[in-house]
Amino acid sequence: MAITKMKAVTIAGQIDEFDSIVEKYVYGRDIHLENAMSVLSNKGRLVEFEENNEYDTAAKSALSIMKLANYNVSPKKIAPESTTLEDMQKLIDEVNQNIESEQKQSEELSEKIDKNNAVIEKMNLMIDMDVDLSRLFKFEFVGWKFGRISRTGYKTLTTYLEDLETFFIKTAENTSDIWGFYFVPLLKEQKIEEVFNSLYFENVEIDCGYKGTPYEIKQEMLKENQRLKAQIEEISRKTADTLSSYADRLCGIYNLAKKRLQFSQVRRNAVHGDMFFYVVGWMEEKSALSLENEINDSGETVMFYVEDPENVKNMQPPTKLKNNPVFKPFEMFVKMYGLPSYSEIDPTAILAVTYILFFGIMFGDVGQSLLLSIAGFIVYKLKKWDLGGIVGMVGLSGIVFGFVYGSFFGNEEILPELLHTTAFRPMEQITFMLGGTIAMGVLIIIFGMIVNVINAVKSRDTGEALFGHNGIAGLVFYISVLLMAGNMFLKWGIPNTVFVALIVLSLLAMYMCEPLGKLVKGKKNWFPKSGMYFVENFFELFEVVLSFFTNTISFLRIGAFAIVHVGMMMVVAILAKNGGVSGAVVQVIGNALVMVLEGLIVGIQVLRLEYYEMFSRYFTGRGREFVSLRDK
């Protein structure tokens, strides 16, 4: 739960030593470059380097050829520094010439496969017709067409078919459309065609060269595709053999081109005067101090300045998230909302813990959650997809709460009897479930406002920390309302005037947040003179007060979905009550539907809680990502 500590760094040296200094102390480093011209204060005598992306094309071309040959790039292989851009392009052109005919042949074969697949799609629309299609083209007095018509159009057509000199043979259908043939005497063809056009009938062309039934044509296309794919694989093997002799040299020019691209990136961001150049950027604190020691020990004439982010006024530090393997997949959800700024608390761990907790409460079932968890971790392991890791973690939470609820694939009897325990049944404790989740929501909202106060203090925004609706004033208002409600219902004996006074004072503080913030910072003319300010702030304050209520009530969905989950599984159990094979099938299909549909809905609802009820209280998402030169 941390944002990596950064240091602002400036590297300066003699302009004639730019390449050697950059290669030794900048190239390959984990450094985020800034445009030095927009950062340095003394810009009068500084100019930017002239630079372009001339090596970009060479690097991309070399990499695409290596991918074609399934060749892995080795960072240790690099072409000699004497290699020019012309030398690189010459080698790439030579390789392309040697494989040009093979690539062209492979593309032609791929086009044939695409055409055959299009034919197969057409044949699937009439696959049950036991008619040789070539015979249709021999009709002398009957015209015909094959195509698609919407279900609405087909319904209208069937109403008038008896009055038209045509008939329609349906061959395929889905939820929205129907495919088929219509036949008509040639003398009436134009009239009938106009009728079908008015019903938005879409004609599908059928090649007159087709011979055999749709099934036979489809099988022939599939066999031909197998032959074509075998030819493509053979060509790929020949291409790989041809490229193998070039692999090391291609790898060498790729690495050299990439290196020079990084040099180009440094040049585009650097500036220079008559004698010295300057490179400005950000590094991790540990890396920056290590580089400082390295430069100091070298004895070279290289100037290296390190500054704390707090002392840098005209540069916003980039954000580099640092989380443990359990929380790291959840960075995906944080980045979807926005990166935290450097002075903010990284919300990843908060999101991860609450997301796992909420999902488990809403989807508590040992069997279903176990399957979700296994599937998620397999996907995460094989594909490295963050969403797979998230599904795996929330699945574990679902297993835990499944044991609490005593639910195993919707059955609430197996686990309690097996473990000799008493289960907590959401359907029998509806009041407790809903009340408990509301109470949990209250605690989370208070926690979110405390985090916001900490963020405001870190960013030195005193006005927000003291008077903001998510600051101390908002905390006092929210807690006072809760305590007054408790005092009224539980009869604590505390005079309500105490709470009313706190509520009124906190509302006034929130209402005057902006001017009071200016006041505490010692600014003059802090009191607003425009009457519209007070009108606008009244409606804003009304919306803020309403949001406290709606945000709190919104946490009801956690308990509600836990109850809904039980209800859905009860429906499955009722449908499968007859037992036997049919009952087992219903159980399997029902559990699968609940897992997929409710799992998706619960995942979205929990994310909504995170974004709207939690992030809106303490997270701005205005940070910018740390982009390392090493990764470019």
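The model shown is predicted, which means the values in this text are computed figures rather than measured ones.
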Between [Y] and [X], is there a side-chain donor-acceptor contact under 3.5 Å, judged purely by atom types and distance?
X	Y	value
Glu610	Tyr337	no
Ser290	Asn293	no
Asn296	Glu292	no
Ser264	Arg260	no
Asn116	Asn225	yes
Tyr25	Glu300	yes
Asn452	Glu464	yes
Ser628	Asp30	yes
Ser397	Tyr355	no
Thr239	Glu102	yes
Ser459	Glu344	no

Is [X] salt-bridged to [Y], cutoff N-O under 4.0 Å?
X	Y	result
Lys104	Glu107	no
Arg29	Glu294	yes
Arg608	Glu613	yes

Under 3.5 Å, side chain of [X] to main-chain N/O of [Y], donor-acceptor pair present?
X	Y	result
Gln89	Glu86	no
Glu34	Trp282	no
Arg557	Ser554	yes
Arg624	Gln316	yes
Asp308	Asn311	no

Atom pair CZ/CZ of Phe561 and Phe358 - distance to nearest 0.5 Å =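 Spacing of CZ (Phe561) from CZ (Phe358) equals 14.0 Å.
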
Separation of Lys335 NZ from Asp386 CG (nearest 0.5 Å) =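 Reported value, rounded in 0.5 Å steps: 8.0 Å.
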
Carefully, step by step, assess Phe377 and Met393 under the rule side chain to side chain contact (heavy atoms under 4.5 Å, CB included).
-> CA-CA 8 Å; Phe377 284 129; Met393 291 303 301; 4.0 Å; yes

Between Arg617 and Phe548, is NZ or CZ placed under 6.0 angstrom from the six-membered ring centre and within 45° of the ring axis?
->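 Pair Arg617/Phe548 counts as cation-pi.
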
Any [X] side-chain heavy atom under 4.5 Å of [Y] side chain:
X	Y	value
Pro347	Pro340	yes
Leu40	Val280	yes
Leu33	Val266	yes
Met275	Ile15	no
Val453	Asn455	no
Ile11	Met303	no

Step by step, work out the side chain to side chain donor-acceptor pair (under 3.5 Å) result for Tyr246 and Asn98.
-> CA-CA 11 Å; Tyr246 292 98; Asn98 287 336; 2.6 Å; yes

For Phe18, enumerate each residue passing the ring pair (Phe, Tyr, Trp, His ring centres under 6.0 Å) test, keeping only those at least two apart in sequence or located in another chain.
->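 Ring pair (Phe, Tyr, Trp, His ring centres under 6.0 Å) check on Phe18 returns Phe49, Phe277.
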
Sequence neighbours left out, what passes side-chain hydrogen bond (donor to acceptor under 3.5 Å, both in side chains) with Arg622? Give chain and number order.
->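 Checked Arg622 against side-chain hydrogen bond (donor to acceptor under 3.5 Å, both in side chains); zero matches.
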
